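Please read the structure below before turning to the comments.
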Amino acid sequence: MESGGAIEASPFLSLFAAFSYGIASMAMVFINKAILMQYAHSMTLLTFQQLATALLIHVGRIMGYTKASEVNFTTAKKLLPVSLFYNANVAFALASLKGVNIPMYIALKRLTPLAVLVTGIFYGKAKPSKEVSLSVILTAVGVIIAALGDFSFDIFGYGMALISVFFQTMYLVLVEKSGAEDGLSSVELMFYNALLSVPCLLFLIIATGEFPNSLSLLFGKVNSFAFLLILILSMVMGIVLNFTMFWCTIVNSALTTTIVGVLKGVGSTTLGFIVLGGVKFHALNVAGLVINTAGGVWYSYAKYQEKKNKPRKVISDLEAHRK
């Protein structure tokens, strides 16, 4: 599963990678929501997830189960900004889940294409097609309508989600601009991201006063089997999600990963109304979510058509990311 050169993947492998990412991404939203309902310290949770990732890959490399190369300082320095934006995105996303129900959280996160589109204009990228522009606008309109009918409106949660959208946008733009993924496998990307994240996260949880109170609360809850099970699931799924995200991008393309993310959001939105205690909703809220989802699917279809109509070239996916 190397990223260099042209990537030859069977249709089954490509489909399985995309399906794995979709399932992992959907499951992670619900697992994080479930654990944050019992344990509100999201930054500490993210720190544990990244520690678990780094340790698992390191042990796997020592035992010969993974082929991750030795840590390279130049590569680490190159990936540091990407890691900072990635963790800021995840941290604010986790914080938003404390006060925002899952359907609205997914709707707000679908504003990312709009933010990427606007940012691309400032970076001098080609003007998007009419279909892409209209689908992105429809997605944003859906969010506004849904918010107007949201009984559980939480200004803090909404604010955290929008900040998360900003950092996710910067993360995506930075990866595309720098080509930081070039030459690294999905496991190596995970390892560098986790390794670079831990010192920053440790500083943040200490500086904000979250630590050591969060650790005391954690030890107080480990006697609960249900909490311990969700915590372990969160650690495992954090690793699985990162792996499948990079794997799907390498085996398929960044476009495929984006489309899978939108499609899994349709399922997550539906399930979000009936799980984790249910969600009170207004007709306006449902209408907005339907419009938002339609815009997301339209956006994915428009991007797929653009990709399909482009002249085919025998180059790797990661090389294509830099174009």
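If you're wondering where the values come from, they're calculated on a predicted model, not measured in any experiment.
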| request: Check each of Leu229, Ile31, Leu36 against Ser234 using the side chain to side chain contact (heavy atoms under 4.5 Å, CB included) test, and report the only one that passes. | output: Ile31
| message | Under a 3.5 Å distance rule, please check whether Tyr39 uses its side chain to pair with a backbone N or O of Ser214 as donor and acceptor. | response |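 It does hold such a pair.
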| request: Verify, without hydrogens or angle tests, whether Ser83 (side chain) and Leu79 (backbone) share a donor-acceptor contact under 3.5 angstrom. | output: no
Going only through I, L, V, M, F, W and Y residues with side-chain contacts under 4.5 Å, is there a path from [X] to [Y]?
X: Leu55; Y: Val187; result: no
X: Phe227; Y: Phe219; result: yes
X: Ile145; Y: Leu138; result: yes
X: Phe243; Y: Phe19; result: no
X: Ile23; Y: Phe30; result: no

Is there a side-chain contact between [X] and [Y] in this structure, where contact means two heavy atoms from C-beta onward sitting under 4.5 Å apart?
X: Leu241; Y: Ser25; answer: yes
X: Val71; Y: Phe191; answer: yes
X: Phe92; Y: Leu162; answer: no
X: Leu215; Y: Phe211; answer: yes
X: Thr44; Y: Leu218; answer: no

Can you give me the closest heavy-atom contact between [X] and [Y], atom names plus distance?
X: Cys248; Y: Tyr21; value: CB-CB, 4.1 Å
X: Ser20; Y: Trp247; value: OG-CZ3, 4.1 Å
X: Asn213; Y: Gly209; value: ND2-O, 3.8 Å
X: Thr75; Y: Asn72; value: N-OD1, 2.9 Å
X: Cys200; Y: Leu196; value: SG-O, 3.6 Å
X: Tyr158; Y: Met104; value: OH-CE, 3.1 Å

| field | Set of side-chain contact (heavy atoms from CB on, under 4.5 Å) partners for Val118, sequence neighbours left out | value |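 Result, side-chain contact (heavy atoms from CB on, under 4.5 Å) vs Val118: Leu114, Phe122.
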| said: Test of understanding: with side-chain contact (heavy atoms from CB on, under 4.5 Å), list the residues that count as partners of Ile239, not counting sequence neighbours. | reply: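 For Ile239 the side-chain contact (heavy atoms from CB on, under 4.5 Å) partners, ignoring immediate neighbours, are Ala52, Thr53, Leu56, Met190.
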| message | Before you tell me yes or no, could you show the steps for Leu45 and Asn32 under side chain to side chain contact (heavy atoms under 4.5 Å, CB included), namely the whole-Å CA-CA distance, both residues' side-chain angles and the distance that decides it to 0.1 Å? | response | CA-CA 9 Å; Leu45 181 64; Asn32 279 338; 4.2 Å; yes
How many angstroms lie between atom [atom1] of [X] and atom [atom2] of [Y], to the nearest 0.5 angstrom?
X: Tyr105; Y: Ser96; atom1: OH; atom2: OG; answer: 5.0 Å
X: Thr47; Y: Leu202; atom1: OG1; atom2: CG; answer: 5.5 Å
X: Ile232; Y: Phe48; atom1: CD1; atom2: CZ; answer: 12.5 Å
X: Glu210; Y: His41; atom1: CD; atom2: NE2; answer: 6.0 Å
X: Leu111; Y: Thr139; atom1: CG; atom2: OG1; answer: 8.0 Å
X: Ser216; Y: Lys221; atom1: OG; atom2: NZ; answer: 13.0 Å

| Taking atom CZ of Phe16 as the centre, does the number of heavy atoms from other residues, nucleotides or ligands within less than 6.0 Å exceed 12? | no
| message | Are more than 12 heavy atoms, taken from residues, nucleotides or ligands other than Ile155, located less than 6.0 Å from that residue's CD1 atom? | response |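 Count not over threshold, so no.
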| message | Would you say Gln50 and Asn87 are linked by a side-chain donor-acceptor pair, where the criterion is simply a distance under 3.5 Å? | response |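 Yes, Gln50 and Asn87 have a side-chain donor paired with an acceptor closer than 3.5 Å.
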| said: If only side-chain N and O atoms count, and only distance matters, is there a donor-acceptor pair under 3.5 Å linking Asn89 with Lys109? | reply: yes
| Are Leu134 and Trp298 close enough, and set up right, to give a side chain to side chain contact (heavy atoms under 4.5 Å, CB included), and what steps lead you there? | CA-CA 9 Å; Leu134 289 175; Trp298 187 12; 3.6 Å; yes
| From CA spacing to verdict: side chain to side chain donor-acceptor pair (under 3.5 Å), Thr169, Thr119 | CA-CA 8 Å; Thr169 300; Thr119 304; 5.4 Å; no
